[in-house]
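Take a look at the structure set out below.
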Protein chains: 2
Amino acid sequence: MTDKIPELEILFELADLFKVFGDSTRLRIMYTLFDGENSVGEIAEALNMEQSTISHQLRVLRTNKLVKIRREGKQIYYSLDDDHVKKIIEMGLDHVLE
Amino acid sequence: MTDKIPELEILFELADLFKVFGDSTRLRIMYTLFDGENSVGEIAEALNMEQSTISHQLRVLRTNKLVKIRREGKQIYYSLDDDHVKKIIEMGLDHVLE
DNA sequence: TGAACATATGAATAATCGTTCATATGATAT
DNA sequence: ATATCATATGAACGATTATTCATATGTTCA
């Protein structure tokens, strides 16, 4: 029994992770959170996009443990969950910027 | 004039880059190339997938400058084009493996 | 030149996914 | 309780994309 099957499963998970980074709206959301936490409304306003769109994408980010939330009254503040997020984006930027 | 517009364009490019990493077939191809160059046929056999599928995806990888080629007779050998490729994948693995 | 092999390409199909619209849930304050 | 504000959710639509099949291109060798 080889160890290639577990590797295969991990590569599937890895693809799923990169898929999350592969959308400009989600990237912009994460980039917005580089400076610190923001509420859903603040993010929507900053990106000039519908609240619903942002909310849907925040759920994707949260499902993948890339952002976490803090509740305060009516608002929900989102922030990056992990140092990896910044690192992965910065590593990608290195490549894009040659 | 703010510098947010160029950043926006860059984030679009960045999303396109991550999209390339967001497919398990392409990830498996790149992972196969961690050990060194392989021909199209070798990759297809290693992944047990159609030659055509691999060829299509290699073109995506090549268009995005993630792999480069070396011709030798009838075969074309593909290899990773860039250290960033390995680094980005490894960074993602860090996250997936907790 | 023609046969055999390796790789690339184009069209078609099926599946995935982002956005929008409408509405629901949840929280606060009067 | 109810009105208001913030966020979430579900369904539907359109667009993108991975794979397959069939075929084309390109290379070697006899």
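Sequence lines set the chain letters: A, B, ... in the order given, protein chains first and strands last, and positions in each chain run from 1. Here the structure is a predicted model, which is why all the values come from computation and not from measurement.
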What is the distance, to the nearest angstrom, from the [atom1] atom on [X] to the [atom2] atom on [N]?
X       : N      : atom1 : atom2 : answer
B/Glu72 : D/dG26 : CD    : C1'   : 16 Å
A/Arg59 : D/dT9  : CZ    : P     : 5 Å
B/Arg71 : C/dT7  : CZ    : P     : 9 Å
A/Phe18 : D/dA18 : CZ    : P     : 15 Å
B/Leu27 : D/dA18 : CG    : C1'   : 14 Å
B/Ile69 : C/dT7  : CD1   : C1'   : 10 Å
A/Asp16 : C/dC17 : CG    : C1'   : 13 Å
A/Ile76 : D/dC5  : CD1   : C1'   : 13 Å

Along DNA chain D (nearest heavy atom to each residue), the more 5'-positioned of B/Gly22 and B/Lys74: B/Gly22
Toward the 5' end of DNA chain C, by each residue's nearest nucleotide, A/Gln57 or A/Gly73: A/Gln57
Sugar-phosphate only, base, or nothing, as touched by A/Tyr77 at under 4.0 Å among non-hydrogen atoms: nothing
Sugar-phosphate, base or nothing in reach of B/Arg26, heavy atoms under 4.0 Å: sugar-phosphate
Any A/Tyr78 side-chain N or O less than 4.0 Å from OP1/OP2 of D/dA8: yes
Check: A/Lys19 main-chain N/O paired with A/Arg26 side-chain donor or acceptor under 3.5 Å: yes
Sidechain-backbone polar pair: A/Thr53 side chain, A/Met49 backbone, donor-acceptor under 3.5 Å: no
Separation of B/Ile89 CD1 from A/Ile88 CD1 (nearest 0.5 Å): 12.0 Å
Salt bridge present between A/Asp83 and A/Lys86 (N-O < 4.0 angstrom): no
Residue-level proximity of residues 32-56 of chain B to DNA chain D when a heavy atom falls under 4.0 Å: B/Met49, B/Glu50, B/Ser52, B/Thr53, B/His56
Minimum side-chain heavy-atom gap B/Tyr77-B/Glu72 below 4.5 Å: yes
Close side-chain approach of B/Leu14 to A/Val96, heavy-atom, < 4.5 Å: yes
Nucleotide of C/dT7, D/dA6, D/dA8 approaching A/Gln75 most closely (side-chain heavy atoms): D/dA6
Parallel, tilted or perpendicular: ring planes of A/Phe18 versus B/Phe18, cut at 30 and 60 degrees: parallel
